[in-house]
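Remarks on the structure that follows.
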Amino acid sequence: MRFIVLTLFKEMFDAFVSTSIIKRAIDKNIVSIEILDIRNFTKDKHKRVDFPPYGGGSGMIISAQPLGDALDYAINSLEKYQKEIRIIYMSPRGKVLNYDLSKKLSQDNYNYIIICGHYEGIDERIIEEYNVEEISIGDYVLTGGELACQVLMDSIIRLIPGVITEDSLKEESHTNGLLEYPQYTKPYEFKGRKVPDILLSGHHKMIADYRKEESVRITQKFRPDLIQKNKIIPKKEGK
Ligand code: ADE
């Protein structure tokens with residue numbers, strides 16, 4: 001899967017592509033991530049990429065010219081691959097990202113171009129002309145799309161087969177409509193708190209049942225909306 005990111009702040013991606021699981025996915029050629037500086041595409045003699053909005057208002061808007069040229073370049077370099085190119089703009093007005101959307105986007109039939117806005121946004125004509133999808137990572141506003149883009153890519157890449165073990169994906173939060181059960185490791189006792197004995201019993205079926213119950217309990221505690229949405233029937237207290 002290929003990602004081309006269009007940004008004015010390339011350096012914000014340095015740690016993302018050179019660390020941990022994402023770095024490994026790149027090294028294993030499961031994904032490639034190319035970061036392009038929108039400024040390199042401006043035809044403005046002062047290298048400007050943003051201008052005040054027509055009609056007045058605060059902030060600056062990224063101009064259609066450099067962004068359009070950057071998109072044309074990115075599309076051109078992805079066209080040789082037999083995959084659909086999806087163009088995404090990270091935006092607080094977009095469709096809100098969740099597990100199901102990340103899962104769909106992690107299917108192997110797409111390559112991506114992701115636009116990171118900064119300032120007040122981008123010229124609307126880019127969105128119309130290039131059939132751009134808009135994705136938000138939550139109902140709040142960031143200073144730019146770069147962090148949101150990393151959240152989106154991370155959530156997609158970790159679901160691509162071969163990036164992390166199938167086992168770690170199987171029981172994590174949101175895969176089955178529930179949050180993950182609590183986890184413990186050494187030491188057995190910490191500040192007087194012991195690991196639940198059942199986890200040391202070696203009885204796999206009982207451990208699995210206990211974890212399922214704990215998942216339901218945790219979900220009910222932190223995200224009762226998921227219990228309702230997924231029609232999960234929690235056990236009554238004390239049963
Ligand atoms: N850019 C600014 N805020 C954002 C958000 N919440 N999601 C995605 N991109 C953004």
Side-chain angles (χ1 to χ4, degrees), residues 1-23 25-26 31-78 85-98 101-102 105-106 110-158:
M1 183 177 286
R2 291 172 178 82
F3 293 90
I4 298 183
V5 176
L6 309 184
T7 174
L8 289 169
F9 298 94
K10 273 182 89 164
E11 61 280 12
M12 286 183 74
F13 292 86
D14 290 351
F16 181 70
V17 299
S18 61
T19 317
S20 184
I21 292 169
I22 302 300
K23 176 180 189 303
I26 295 170
V31 292
S32 73
I33 302 177
E34 187 182 354
I35 315 290
L36 292 182
D37 188 343
I38 300 166
R39 202 174 295 280
N40 288 343
F41 294 86
T42 183
K43 295 195 168 99
D44 180 76
K45 61 175 185 287
H46 303 297
K47 284 257 162 206
R48 283 184 66 177
V49 287
D50 55 311
F51 298 92
Y54 277 114
S58 64
M60 303 292 262
I61 308 298
I62 299 180
S63 158
Q65 180 278 312
L67 196 46
D69 284 3
L71 278 168
D72 292 341
Y73 175 89
I75 292 167
N76 193 39
S77 63
L78 289 178
I85 301 170
R86 291 179 78 153
I87 305 178
I88 294 172
Y89 170 46
M90 303 312 305
S91 154
R93 75 178 191 189
K95 182 171 184 174
V96 179
L97 183 66
N98 62 16
L101 182 54
S102 299
L105 298 177
S106 73
Y110 307 118
N111 284 325
Y112 293 96
I113 300 170
I114 306 181
I115 304 167
C116 303
H118 229 88
Y119 318 121
E120 279 302 301
I122 64 174
D123 192 302
E124 189 69 20
R125 290 167 293 182
I126 288 289
I127 299 190
E128 297 161 3
E129 176 68 19
Y130 290 89
N131 202 13
V132 173
E133 302 170 56
E134 296 184 56
I135 294 182
S136 164
I137 60 160
D139 291 339
Y140 43 81
V141 181
L142 303 166
T143 53
E146 285 75 12
L147 292 175
C149 171
Q150 291 173 43
V151 169
L152 174 67
M153 288 196 291
D154 192 287
S155 73
I156 295 173
I157 292 169
R158 64 189 298 286

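Values below: every heavy atom of this structure, side chains too, minus hydrogens, waters and symmetry copies.
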Indicate the atoms forming the closest heavy-atom contact of [X] with [Y], along with that distance.
{"X": "Tyr89", "Y": "Val132", "value": "CB-CG1, 3.4 Å"}
{"X": "Gly59", "Y": "Pro53", "value": "O-CD, 3.2 Å"}
{"X": "Ser91", "Y": "Glu134", "value": "OG-OE1, 3.1 Å"}
{"X": "Cys116", "Y": "Cys149", "value": "SG-CB, 3.6 Å"}
{"X": "Ser32", "Y": "Arg2", "value": "OG-CG, 3.3 Å"}
{"X": "Val17", "Y": "Ile22", "value": "CA-CG2, 4.4 Å"}

- Message: Holding to ring-ring contact (aromatic ring centres under 6.0 Å, His included), I want the full list of residues that pass it with Phe3, two or more places apart in sequence or in another chain.
- Response: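 Phe3 satisfies ring-ring contact (aromatic ring centres under 6.0 Å, His included) with Tyr112 once adjacent residues are dropped.
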- Query: Between Gln150 and Phe16, is there a donor-acceptor pair closer than 3.5 Å when you use the side chain of the first and the backbone of the second?
  - Reply: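 Such a contact is absent between Gln150 side chain and Phe16 backbone.
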- Any side-chain heavy-atom pair from Met60 and Pro52 closer than 4.5 angstrom?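 Side chain of Met60 against side chain of Pro52, heavy atoms only: contact under 4.5 Å found.
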- Please tell me if the side chains of Ser102 and Leu97 come closer than 4.5 Å, counting only heavy atoms from C-beta onward.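 The answer is yes; the side chains approach within 4.5 Å.
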Under the rule for side chain to side chain donor-acceptor pair (under 3.5 Å), what residues qualify as partners of [X], not counting sequence neighbours?
{"X": "Thr42", "result": "none"}
{"X": "Glu34", "result": "none"}
{"X": "Arg86", "result": "Tyr110, Glu133"}

Euclidean distance, [Y] [atom2] relative to [X] [atom1], rounded to 0.5 Å:
{"X": "Asp69", "Y": "Leu6", "atom1": "CG", "atom2": "CG", "value": "11.5 Å"}
{"X": "Ser155", "Y": "Ile135", "atom1": "OG", "atom2": "CD1", "value": "8.5 Å"}
{"X": "Ile127", "Y": "Ile87", "atom1": "CD1", "atom2": "CD1", "value": "11.0 Å"}
{"X": "Met153", "Y": "Ile33", "atom1": "CE", "atom2": "CD1", "value": "4.5 Å"}
{"X": "Ile126", "Y": "Leu67", "atom1": "CD1", "atom2": "CG", "value": "4.5 Å"}
{"X": "Ile157", "Y": "Met1", "atom1": "CD1", "atom2": "CE", "value": "8.0 Å"}

- Message: Show me the pairs that pass salt bridge (charged side-chain N to carboxylate O under 4.0 Å, His left out) and involve residues 49-62, at least two apart or across chains.
- Response: none
- After noting the C-alpha distance and the side-chain angles of Leu8 and Asp37, does the key distance pass the side chain to side chain contact (heavy atoms under 4.5 Å, CB included) rule? CA-CA 5 Å; Leu8 289 169; Asp37 188 343; 4.2 Å; yes
- Query: Which ring-ring contact (aromatic ring centres under 6.0 Å, His included) pairs, counting each pair once, include a residue from residues 37-76, with sequence neighbours left out?
  - Reply: Phe41-Tyr73
- Query: When you look at Ile156 and Ser106, which way does the side chain to side chain contact (heavy atoms under 4.5 Å, CB included) test go after all the steps?
  - Reply: CA-CA 5 Å; Ile156 295 173; Ser106 73; 3.9 Å; yes
- Query: Met90 and side chain to side chain contact (heavy atoms under 4.5 Å, CB included): which partner among Val151, Ile115, Ile137?
  - Reply: Ile137
